[in-house]
Each structure stands twice: as structure tokens, then as C-alpha cells.
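Accompanying notes for the structure given below.
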Amino acid sequence: MARAADVAEDLLVPGKVVRLRERLWRVDYRDGHVFSATALDGRDNTPVRFHSRLEDVQPGALPFPDAGTVGDASEQRLLLDAYRFSLLHGTAPILGLQRSRAIPTDFQIVPLLMALNTERVRLLVADDVGTGKTVEAGLILSELLARGRARRVLLCVPANLREQWRDTLDTMFHIDATVVAGHLLPALERKLLPGQSVWAAHDVVIASIDYLKTRTEEVLAHQWDALVVDEAHLAAAPHAFAGRSSSDMERHAFVRTAADRCRHLLLLTATPHNGYSDSYQSLFEMLDPTLVTDTALGRRLDRTRARESHVVQRRRADIEAWYGQRGTKSPFPARNSDEVIVSLRRSADLRALIDELTGYTGELYGASTTTIGKWVAAHLHKRLLSSPAAFRVSIDNRLNAIRRQAALDLGDQATRAAADATTDQVFTEDDELDAVHLTARVDLPQDAELARLNTIKDLAAKVTAAKDPKLAELLRLLPERMNAHPRARRVLVFTKFKDTLDYLEKNLTRAVGKSKGLPDGTRVFTIYGDMNLAQRNATFAEFEATEQAVLVATDCISEGVNLQRACAELIHYELPWNPNRIEQRNGRIDRFQQREPFVGIRTLVLDDALDASLLYLIVQKSEQIRADYGFVPPFLANSDILLYLSDPGTAFRAKLRAAGHLQPTLFDETVLLESDPELARLTDESVAGTDVLERVKEESFYGQTGISLTAIEDALNESRRVTGTTDQVEKFTLAALRHRHATVTTDGHVHTVESAPSTVDDVAPAGHRFTFDTGLGVDDPTLDVVDLAHPLLRRLIDLTLDEARLPECRGRVAAHNAVLDTGRAAVLHVLFRYVANADPPVLLEELVPLAQRTSDPGQTLDAATVLSAAPGRGAPYVGDVRDDAADTLSDPGLDARLTQVAGERASMLAERHGRLTAAWADGLADVQPTSHDLVAITLVYPEVTR
């Protein structure tokens with residue numbers, strides 16, 4: 001057995017193909033007796049390290065084709081496609097697309113090209129809601145992994161998005177990620193080796209920011225190459241208010257420390273600026289500490305360097321303008337939005353309940369010496385504005401706490417929890433938080449509070465579903481919105497509270513087929529926070545497959561879930577108390593590649609003083625700012641304003657109550673603010689007139705980057721050309737299945753396996769439905785989408801390549817007649833391998849057709865012209881084919897010509913790489929040929945003429 005001393009030195013050279021352990025490998029690098037190699041059969045393309053003294057290393061060159069074994073064009077096409085699809089390190093500029101199911105548009109490639117132009121990727125991706133930041137991040141990760149610039153990746157995301165990220169990385173990019181969380185830890189630890197850490201056992205890990213922030217050293221004791229932070233504004237340094245203690249710094253501290261220790265950093269957020277320059281600048285300091293410096297005028301951000309290398313930030317309007325410049329239709333839908341005012345004139349019971357609650361909340365405001373009582377008051381009113389069912393639960397919670405004498409002074413922690421829950425700073429339904437902070441002690445005599453609450457409870461019991469005007473309005477509105485989209489008669493209804501969700505599910509289901517109810521056949525679905533990913537996906541799939549349906553969901557899906565192909569209508573059952581929350585919800589359907597021409601968005605608003613003020617602030621003021629500036633600031637609805645709006649004793653509330661019902665004039669900004677100087681002061685303080693908005697606009701990086709459209713399109717087209725189009729993948733897969741005697745039926749673009757041989761039945765069992773159309777896969781989650789990295793395709797490639805090494809392999813020699821005036825021609829399909837001497841070396845390979853005359857092998861022809869010549873009459877004589885193939889293979893000058901071509905093509909690649917100026921490209925212009933294999937020969941003969 002050959003050992004290190006016996007292994008020829010020229011075998012363990014980067015780029016060489018060797019045989020060991022009964023497989024073919026390509027050598028990646030060598031360090032003394034240790035060498036790294038990548039398997040070439042497609043079963044596992046992860047590099048493996050070997051010790052040369054322990055391995056039997058043999059030459060691995062592909063033997064020449066057998067001239068006597070002649071196949072046909074279809075068999076040869078299968079073979080050539082298999083080799084083309086198996087190129088692990090192609091010469092395309094965007095390698096990650098070889099293993100990606102994503103079909104990015106040009107604007108989504110911009111962050112990737114920016115990443116490729118830097119040695120260390122340190123990038124803030126701050127594109128608008130609904131533009132595809134997750135896809136942009138996935139493309140960058142795929143490229144880093146494909147180029148060997150990263151192996152271990154840590155994704156720091158909000159807890160409710162962990163499974164969504166795992167699912168996206170798996171289905172769109174074939175990146176296997178592991179979610180680490182407290183409830184999952186026991187199961188993960190059972191699979192560890194003795195002494196192994198869960199953080200070391202997995203290369204790509206997803207965890208919530210709140211889980212990671214309490215385990216900084218435990219997590220960062222292990223090396224991570226790349227850090228991805230979703231909703232990165234949550235990790236910005238809190239603004240330091242004069243006279244106030246700093247907010248919780250743990251999230252910022254963890255991400256800042258992790259960013260310092262990771263080579264690559266991606267920060268993702270649609271709202272990077274919270275109105276405070278110091279907080280905003282902290283994000284850039286994590287990207288590069290030298291971007292922010294102290295000056296005589298204060299801390300300043302180096303905007304030139306940030307724009308060139310560290311930030312891509314585009315509003316939807318910027319992207320639409322980009323498409324407009326090209327004369328291309330915008331990929332975004334139009335938005336048809338409106339507020340629906342729910343009258344209380346005929347709802348005496350609900351008006352009586354609101355009046356009684358207003359009296360109670362007025363007492364809480366009047367007696368409170370701390371803000372906790374005010375938050376209790378605000379939250380109770382918010383629950384009533386949602387639904388009588390949610391409100392009744394809250395009143396019971398409050399009563400039970402007082403009766404058990406369990407109302408406690410919970411201090412600042414409870415106050416912060418109450419504020420976060422009420423102002424919609426958390427994305428999941430906050431029924432549990434509601435139960436917790438409603439146990440807090442307030443500054444009211446217990447007996448008086450109990451009496452008031454019991455009265456409120458009795459009044460709340462009278463507001464049944466039959467007397468709920470908002471439920472009635474929803475039932476009136478749903479059929480109308482379904483009819484607005486005959487092709488997608490499905491509506492998404494958002495609510496903040498799980499209690500309201502249960503109430504809606506029960507009553508909407510009862511209303512199906514009833515007069516003034518929902519049309520016959522309507523199905524009602526729900527999604528809420530306690531459902532796991534599998535349950536949510538199953539519900540989504542059913543909802544999307546149902547002809548007429550309503551999906552009621554809490555804010556657990558207001559981020560990270562894309563429903564643009566499921567429906568085009570959305571109803572906010574109550575107003576969120578955060579302008580960015582309402583836009584996050586809208587972004588589920590009003591986003592890139594919505595298949596309907598417009599989306600309908602309706603917001604239900606009670607004819608109530610508090611809902612009226614929220615409508616002004618959350619909706620109308622936000623839309624005004626969006627129209628003027630192209631964005632809505634996340635600080636618009638701050639806690640001070642919301643507490644003030646909830647106070648029954650304010651001047652503007654008195655004015656609204658005096659009017660008796662909502663009037664359009666009441667929403668005029670001048671009328672509202674002039675009627676209440678304090679509201680004017682708070683609003684002005686929040687946005688400082690226009691100073692803060694102008695500062696956000698000036699400090700942001702809205703608009704285009706310097707990357708041209710031509711460069712983007714060229715990169716995409718070159719990658720698609722080299723790696724194979726969807727059409728090529730489809731033709732190969734179906735032909736390879738049938739070549740192996742599988743039975744596949746086709747209905748449009750959907751294929752079904754009726755039967756399959758044992759070699760593929762584990763990845764394509766009988767009954768398996770699949771498509772090659774990514775859009776269909778999104779429309780129907782039960783359909784499997786086959787792409788370059790799919791197990792079925794990889795298996796078919798493996799089988800085809802294994803056959804290529806057998807002497808009896810058909811397809812390595814094929815022939816046909818063509819309309820050709822060059823005489824007999826031979827096209828040699830050659831797999832060339834090169835190494836670019838970067839650090840570490842980068843391996844490149846390509847499959848190249850070379851044409852020559854059979855009568856004069858030294859006379860080259862244009863291979864594209866020969867292969868594309870029209871089919872000619874007649875068929876080649878098999879004896880001529882064997883003779884010409886044998887002559888071609890035995891030509892003594894063949895190897896020298898192939899070596900010469902390899903050198904010429906290496907020079908072409910070196911010239912292309914020489915145009916790259918980034919530091920990471922150092923050495924890529926030094927390209928050397930390493931080996932080549934003659935994969936197949938196509939003999940082309942002039943057609944037979946009479």
C-alpha cells in the first residue's frame with residue numbers, strides 16, 4: 001500500500017484529482033503530511049482533511065472514452081449536464097447561486113456585490129420592509145461558504161423568528177442550521193460527544209438575542225467566522241437621556257462583543273435610526289469602530305467610507321425608481337388602504353362600558369404616583385378596543401389579584417414590562433404579560449377599586465358577540481374584501497391578543513353560511529405564538545390551498561413571514577400602538593413579487609376618543625411622514641405620548657367626547673394640537689418639529705449605491721450561464737429519471753413519480769410531487785422544488801458520473817449528421833481544472849467544448865458553430881464513428897494541444913480576476929492549470945445528400 005514516502009509529490013498538488021477510499025477527490029491544499037480534499041462524486045462536497053501516511057493515494061484521472069462504445073446524443077447530453085452541474089468551484093463570479101434555490105432580482109444582488117468587494121464583510125442591510133433582506137443575507141452567506149471565506153456562522157435573531165430563519169436557510173439556500181434554545185438544549189446535548197459544547201458541535205447556529213446575551217463568554221469561547229443580526233436596531237446602544245439611567249444594555253453588549261470577535265458581520269433592519277444619533281452610530285461602530293470619531297462638534301460618522309463599503313439602504317420608492325429608469329414594471333403592488341370607523345351610536349351597552357372604564361382609568365391617572373397605574377389603565381383600555389372577550393379576561397385577572405391580595409409592588413421591572421406590552425414593543429401576543437402586570441399595586445383604595453371593577457365586569461358581560469359592533473363590521477367587510485380579488489379570495493386578519501383571536505375564530509366560524517355572515521364554504525384558520533413551526537407551516541399550506549378563507553393571526557407572524565402569494569387583503573382588527581408594527585404587518589402581503597396588482601388594507605377603528613387619537617397618530621400622521629420622507633420613524637409613538645393619549649382628563653379627549661362622534665375635521669392636525677397644548681408639546685418633542693426627521697433623513701443612506709445595473713446583470717447572467725438554467729435542470733432530471741426506468745407523469749409544470757428504481761426511490765418515492773418552478777413551490781408548499789442542490793438531482797448526478805468511469809459507459813462517444821460545410825468534425829468536451837494562488841488557494845473548473853477537423857486535428861473549429869448546426873439528413877455509419885473516435889484518442893499531439901488550451905484559458909481567468917481590486921482577491925490573478933479530463937467526444941458529419 002502506498003504511503004507518504006511512496007506517494008508521488010505531484011499527486012498532492014492543489015487541483016489534482018486523486019483516488020482514495022474508493023472515491024475520487026480533488027486536492028484543495030497540502031501542509032506537510034496533512035492535505036485537504038473535496039469529493040467529486042457530489043455525495044458530500046465538504047472538504048475533508050487526511051494524513052498522507054495513512055492513506056492509499058492513487059492517480060484519479062478519468063480514463064479516455066472507449067472508442068468502441070458509441071451512444072446517442074441524449075445519453076451524451078445527460079453525461080455532459082451531470083459534469084456541468086457537479087462543478088463545485090465554477091468560474092462564475094457568483095458561486096453561491098450554484099447551491100441556492102433563491103432567484104434574486106438585480107436589486108437584491110447589490111449587497112452581495114458590495115460584500116464581494118471587501119476583504120471582511122461588515123455590512124448594514126437596511127432596505128425597506130418587504131424588499132427581501134433575508135434573501136439578500138442568505139445570498140451573502142452562501143457566497144462566503146462557497147468561497148471558503150466562512151465556515152462557522154452565528155445568527156442572532158428575535159425568538160419568534162428562529163424557526164423561520166432555519167426554514168429559509170434550508171429551503172432557499174440548502175444551509176443546514178441548528179436552533180439553540182433553552183427548551184431544545186436537553187435534546188441537543190444528548191447528541192454531543194463527551195465534553196463537547198453545543199456551540200462547537202454545529203457550524204451554523206441560530207439563537208435568540210435574549211438567549212445569547214446571558215451567555216456571552218460561553219458562546220464566544222468558540223470561534224465564529226460570521227455573525228448575522230436580524231432586527232439589528234434591537235442591538236443598538238440605548239440613547240443616554242440626561243438625568244435618566246441607561247436602559248438595558250445587555251443586547252448591545254453581546255452583539256458589540258461578538259462583532260469584535262467575528263470576521264464578517266451582517267446587520268439587518270428596516271429601521272436602523274431611532275431618532276437618536278448616538279444610538280444609530282453605535283451600529284456603525286460595530287461594523288468598524290473607526291467609522292465614528294470624536295470631534296469638536298461631537299461624535300461624527302464617516303459617511304463616505306460607510307456608504308462605499310458598509311451600508312445599503314433603499315426605500316421602496318428608490319427601488320421602484322430604479323425599475324422606472326429601466327422602463328420595467330415595478331415588482332411591487334399598488335396599495336389600496338382605508339380606515340373603517342365603527343359607529344357606537346346603536347351600541348348602548350358598549351358605550352356604557354367605555355364610559356365606566358373611562359371613569360376608572362381617570363381615577364388611576366389621578367391617584368398614580370408612579371407610571372405603573374397609568375400603564376394598567378392604558379392597557380385595559382387597549383384590551384377593550386380590541387374585543388370585549390379580551391377585556392373580560394383582563395378584568396378577571398385584575399379582580400382575582402386584588403381578591404387574593406396578590407397585588408404587589410413589582411417596581412421598575414413590571415413598569416418596563418407593562419410599557420413594552422402596551423406600546424407593542426414585543427411581537428408575540430402579550431396575554432401572559434397582561435396577566436402579570438395587571439397584578440401590580442396601584443394607588444387606589446382596595447374596596448373602592450373592587451367596587452368599580454365589579455361594576456365594569458357586569459357591564460362587560462352585557463357586550464356579547466351579538467352586540468359587538470366591530471365584529472359586525474368585520475363580518476360585513478370580509479365578503480367585500482374577498483370579492484376584491486377573485487383569484488385570491490383569502491383575507492388575513494391581524495389582532496394583538498390571543499384572547500381576541502379565540503373570540504374571532506369562534507364567531508367567524510359560527511357565521512359561515514349565515515345571513516350577514518361569511519359565504520358558504522369559507523374556512524377560518526388561526527396562527528398564534530404557541531404553535532410550533534411545523535404547525536404554522538401546515539396552517540399556511542391549508543390557507544393558501546383553500547379557495548375562500550380567513551386567517552386570523554397575532555403578531556407572531558408580523559415579521560419574517562411572506563404571504564404575498566397567499567393573499568392580497570389584510571384587516572387590522574385593532575390599531576397597533578406602534579407605527580412600525582402596522583407597517584410590519586402590511587409588509588406580509590404588500591411586498592416584492594405580490595402576484596395581485598394591488599393589495600387591500602383596512603383598519604378598524606372604534607368611534608372612541610382614544611382610538612380616534614391613535615388613528616391620527618399611528619395611521620394618518622405616519623402616512624403623512626411616509627409621503628414626505630419615504631419612511632416612518634420608529635420613535636413616533638413613544639411611551640410618553642401613549643400615556644398621555646390614554647389619560648381621560650386631557651383637553652383633546654374632552655373635545656372629542658363633546659363632539660359625540662368622530663368627524664373628519666377632528667383629524668386635522670391643527671384642530672387637534674391647538675385644542676391641547678400638551679399634546680402639541682409632546683408631539684413636537686417626539687419629532688422636534690421636523691428637526692429629528694430631517695436628521696434621520698440626512699444621517700441615513702437612502703438611495704442607490706454606486707454599483708451599476710450593467711455590472712449586476714452581467715454577474716447574474718454569467719452565473720446562470722455557467723451553473724445551469726432552471727430549464728436545463730428540468731430537462732436533465734426528467735431525462736435521467738426515465739433513463740433509469742422511472743415512471744413520471746406531468747401535469748403542466750408539476751411532475752409526479754409513479755414508480756422509481758431502488759437507486760432513487762429514497763429521494764423520489766412513488767407519489768412524490770415536484771416542480772422546477774420556484775413560484776409554484778411558494779404557491780403550493782406541498783410541492784417539492786428541485787434545484788441544483790436538491791438530493792434528487794445530486795443522486796442522479798452521482799449515478800451518471802459513476803457510470804462515466806465504467807468501460808461500457810455509453811454516451812462518452814456520440815455522433816450525428818448536421819448541415820455542416822467544414823467536413824467531418826470532432827468536438828472534445830474537456831474538464832479543465834485550475835488553481836488561483838490566493839490564501840487559501842481557490843480551485844476553479846470548467847467544462848469546455850473544443851472542435852477540430854477529424855482529417856486534420858491541428859485545424860481548430862468554432863465549437864459553438866459546430867454544435868449548433870442544424871440536424872442533417874441521414875445517420876453516421878457506426879464503423880466510421882468508431883474509427884474517427886479511435887484516431888482522435890490516439891492522436892500523439894492531443895495532450896499537448898489540451899495543455900496549451902489549459903494555459904490559454906488560465907490566462908483568460910487571470911485577466912478577469914485581475915480586474916478585482918479588493919484585498920480578498922489578492923492572488924486570484926495568479927491562475928495555473930492543474931489537470932484536465934477528456935469527458936466525451938461528439939463526432940459531427942455532414943448530412944447525406946442525394
If every non-hydrogen atom of [X] is compared with every non-hydrogen atom of [Y], which pair is closest and at what distance?
X    : Y    : answer
T216 : K213 : OG1-O, 3.5 Å
R152 : H222 : NH2-CB, 3.7 Å
A207 : V180 : CB-O, 3.6 Å
V125 : K133 : O-CD, 3.7 Å
F173 : L139 : CE2-N, 3.6 Å
P272 : L283 : O-CD1, 3.6 Å

Under a 3.5 Å distance rule, please check whether [X] uses its side chain to pair with a backbone N or O of [Y] as donor and acceptor.
X    : Y    : answer
W224 : V219 : yes
S279 : A237 : yes
R591 : G587 : yes
Q594 : Q564 : yes
S36  : Y29  : no
H264 : R149 : yes
R162 : A159 : yes
S309 : A306 : no

Apply side-chain contact (heavy atoms from CB on, under 4.5 Å) to residues V228 and I140 and explain how you reach the verdict.
CA-CA 10 Å; V228 179; I140 294 173; over 6 Å; no
Is there side-chain contact between [X] and [Y], with heavy atoms separated by less than 4.5 Å?
X    : Y    : value
R536 : C556 : yes
H174 : D787 : yes
M286 : V229 : no
R305 : T290 : yes
T134 : L268 : no
L112 : I109 : yes
D302 : D288 : no
R215 : F254 : no

Enter the distance from [X]:[atom1] to [Y]:[atom2] here, rounded to the nearest 0.5 Å.
X    : Y    : atom1 : atom2 : result
L212 : T257 : CG    : OG1   : 12.0 Å
L220 : E218 : CG    : CD    : 10.0 Å
Q584 : I582 : CD    : CD1   : 12.0 Å
Q223 : L154 : CD    : CG    : 11.5 Å
L155 : I209 : CG    : CD1   : 12.5 Å
D926 : L909 : CG    : CG    : 12.0 Å

Would you call [X] and [Y] a salt bridge, using N to O less than 4.0 angstrom?
X    : Y    : answer
R263 : D225 : no
E583 : R316 : no
R251 : D210 : yes
R315 : D128 : no

Derivation and outcome, side-chain contact (heavy atoms from CB on, under 4.5 Å), residues M908 and E911
CA-CA 5 Å; M908 292 171 55; E911 181 182 357; 5.5 Å; no
Is it true that atom CZ of R49 has more than 12 heavy atoms of other residues, nucleotides or ligands lying nearer than 6.0 Å?
no
Decide side-chain contact (heavy atoms from CB on, under 4.5 Å) for L124 and Q313; before the verdict, give the C-alpha distance in whole Å, the side-chain angles of both, and the deciding distance to 0.1 Å.
CA-CA 8 Å; L124 169 64; Q313 183 177 24; over 6 Å; no
Run the numbers on L301 and L291 for side-chain contact (heavy atoms from CB on, under 4.5 Å), then give the verdict.
CA-CA 6 Å; L301 171 65; L291 285 174; 4.0 Å; yes
Evaluate the ring planes of Y280 and H273, with Trp represented by its six-membered ring, and classify them as parallel (under 30°), tilted (30 to 60°) or perpendicular (over 60°).
parallel
